[in-house]
Amino acid sequence: KRTKQDIVEFGHFPADRIDVIYQGCNTQFRQSVTKKEKEEIKERYHLPDHFLLCVGTIEERKNMLQAVNALIRLPADLHLVLIGRQTPYVEKIKEFIVAHDLVTRVHILHGVPNQDLCAIYQQAECFVYPSRYEGFGIPILEAIESRLPVVAATGSCLEEAGGPDSLYVSPDDVEGLVAAITKSLKNSDDRQRRILRSLEYVRRFENRSVARQILEEYERLLNP
């Protein structure tokens with residue numbers, strides 16, 4: 001609904017003439033990756049044993065530096081993997097990494113194909129998405145379909161994608177982010193419950209459901 005609100009606010013378009021249909025993510029992300037494939041991907045990308053994952057263009061609004069900042073306050077054996085197209089913002093992240101002695105704990109990747117990305121998702125401990133602004137948040141769906149708990153930012157639309165069993169904190173609240181991540185690590189009590197409930201929530205975004213809604217929308221327009 002965030003995009004609808006933006007169209008109404010900035011485009012001055014009548015709200016009653018906009019119907020919202022959510023999109024799903026590639027069904028590939030819900031397929032289990034074999035142990036052998038995971039090991040191959042881990043070796044190919046030099047992945048650590050325990051890591052948080054953040055996927056998306058590495059740009060200012062994605063606020064990935066906040067995830068790097070949170071890493072300082074998390075266990076030393078926990079790493080962060082950032083995957084996405086790089087912009088000049090990545091230099092700010094690299095400067096922070098060097099200044100805070102995080103060079104060995106932060107891994108920045110780009111150009112990762114979907115098949116490899118699936119295997120990386122399924123080896124992470126938690127998906128972190130501190131973005132300040134999104135139209136929806138497809139990577140959140142990818143993470144949930146990969147059976148990951150999600151920690152995301154408030155103030156945009158990410159609650160729509162992640163549902164009530166993901167955790168949300170202000171994009172400027174690093175202590176809140178640390179606490180939410182800690183609750184999402186593999187030794188946390190309700191991690192599996194949150195994952196299962198989130199999987200149930202995202203069923204509404206399945207591609208078949210989206211196709212049906214689009215067809216129904218066309219039928220309404222043709223037969224008012």
Side-chain angles (χ1 to χ4, degrees), residues 2-3 6 23 25-26 28-29 41-42 44-74 78-146 148-162 166-174 176-178 180-181 184:
R2 176 73 259 175
T3 300
D6 289 345
Q23 65 186 107
C25 70
N26 193 320
Q28 191 173 14
F29 288 95
I41 293 302
K42 182 177 181 181
R44 183 181 306 164
Y45 293 100
H46 309 289
L47 299 175
D49 291 333
H50 307 286
F51 64 92
L52 309 173
L53 179 63
C54 186
V55 176
T57 302
I58 305 176
E59 59 184 337
E60 193 84 35
R61 71 177 172 88
K62 297 285 188 180
N63 197 32
M64 292 181 182
L65 185 56
Q66 188 74 322
V68 180
N69 192 9
L71 200 63
I72 298 171
R73 300 160 174 81
L74 290 164
L78 189 63
H79 294 229
L80 174 66
V81 175
L82 306 177
I83 301 179
R85 180 176 60 83
Q86 298 185 16
T87 72
Y89 177 66
V90 79
E91 297 305 319
K92 181 185 291 188
I93 292 176
K94 289 179 177 178
E95 289 174 6
F96 186 94
I97 290 169
V98 171
H100 294 82
D101 197 23
L102 294 170
V103 173
T104 60
R105 293 180 64 193
V106 179
H107 312 259
I108 302 175
L109 308 175
H110 64 91
V112 178
N114 263 2
Q115 184 56 47
D116 293 356
L117 187 58
C118 292
I120 294 174
Y121 267 115
Q122 292 182 31
Q123 295 181 71
E125 293 221 9
C126 171
F127 186 73
V128 183
Y129 207 57
S131 181
R132 295 184 182 279
Y133 179 82
E134 296 292 329
F136 180 47
I138 291 296
I140 287 179
L141 299 189
E142 295 173 350
I144 292 173
E145 293 285 15
S146 302
L148 280 182
V150 170
V151 176
T154 58
S156 179
C157 63
L158 300 180
E159 293 96 330
E160 294 180 72
S166 295
L167 300 180
Y168 307 94
V169 298
S170 165
D172 297 308
D173 182 5
V174 67
L177 183 60
V178 171
I181 290 171
S184 303

**Report entry** Non-neighbouring partners of E60 that pass salt bridge (charged side-chain N to carboxylate O under 4.0 Å, His left out), sequence neighbours left out
**Finding:**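 Salt bridge (charged side-chain N to carboxylate O under 4.0 Å, His left out) check on E60 returns K92.
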For [X] against [Y], the heavy-atom pair lying closest together:
{"X": "G176", "Y": "D173", "result": "N-OD1, 2.8 Å"}
{"X": "S184", "Y": "A180", "result": "OG-O, 2.9 Å"}
{"X": "V81", "Y": "P48", "result": "CG2-CD, 4.4 Å"}
{"X": "A143", "Y": "V150", "result": "CB-CG2, 4.0 Å"}
{"X": "V112", "Y": "L117", "result": "CG1-N, 3.8 Å"}
{"X": "Y129", "Y": "P139", "result": "OH-CG, 3.7 Å"}

Requested in this report: Take I108 and K94, measure what side chain to side chain contact (heavy atoms under 4.5 Å, CB included) needs, and give me the verdict at the end.
Outcome: CA-CA 9 Å; I108 302 175; K94 289 179 177 178; 4.2 Å; yes
**Report entry** Under 3.5 Å donor-acceptor, S146 side chain and L148 backbone
**Finding:**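 No; zero donor-acceptor contacts below 3.5 Å.
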Query raised in the report: Would you say N114 has more than 12 foreign heavy atoms packed within less than 6.0 Å of its CG?
Result: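 Atom CG in N114 is crowded, with more than 12 foreign heavy atoms closer than 6.0 Å.
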Does the side chain of [Y] come within less than 4.5 Å of [X]'s, by heavy atoms?
{"X": "T154", "Y": "P171", "answer": "yes"}
{"X": "H110", "Y": "I58", "answer": "no"}
{"X": "V68", "Y": "M64", "answer": "no"}
{"X": "D172", "Y": "R132", "answer": "yes"}
{"X": "Y89", "Y": "R61", "answer": "no"}
{"X": "R105", "Y": "L80", "answer": "no"}

Let me confirm one number: the [atom1]-[atom2] distance from [X] to [Y], rounded to the nearest 0.5 Å.
{"X": "L74", "Y": "L177", "atom1": "CG", "atom2": "CG", "result": "8.0 Å"}
{"X": "I97", "Y": "L71", "atom1": "CD1", "atom2": "CG", "result": "9.0 Å"}
{"X": "H79", "Y": "D49", "atom1": "NE2", "atom2": "CG", "result": "8.0 Å"}
{"X": "F96", "Y": "E91", "atom1": "CZ", "atom2": "CD", "result": "15.5 Å"}
{"X": "L52", "Y": "E125", "atom1": "CG", "atom2": "CD", "result": "7.5 Å"}
{"X": "I41", "Y": "L47", "atom1": "CD1", "atom2": "CG", "result": "8.0 Å"}

Query raised in the report: Can we call the ring centroids of H46 and H107 under 6.0 Å apart?
Result: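 No: the rings miss the under 6.0 Å criterion.
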Report task. Check ring pair (Phe, Tyr, Trp, His ring centres under 6.0 Å) between Y121 and all other residues, then give those that pass, not counting sequence neighbours. Result ->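 Expected list: F29, F127.
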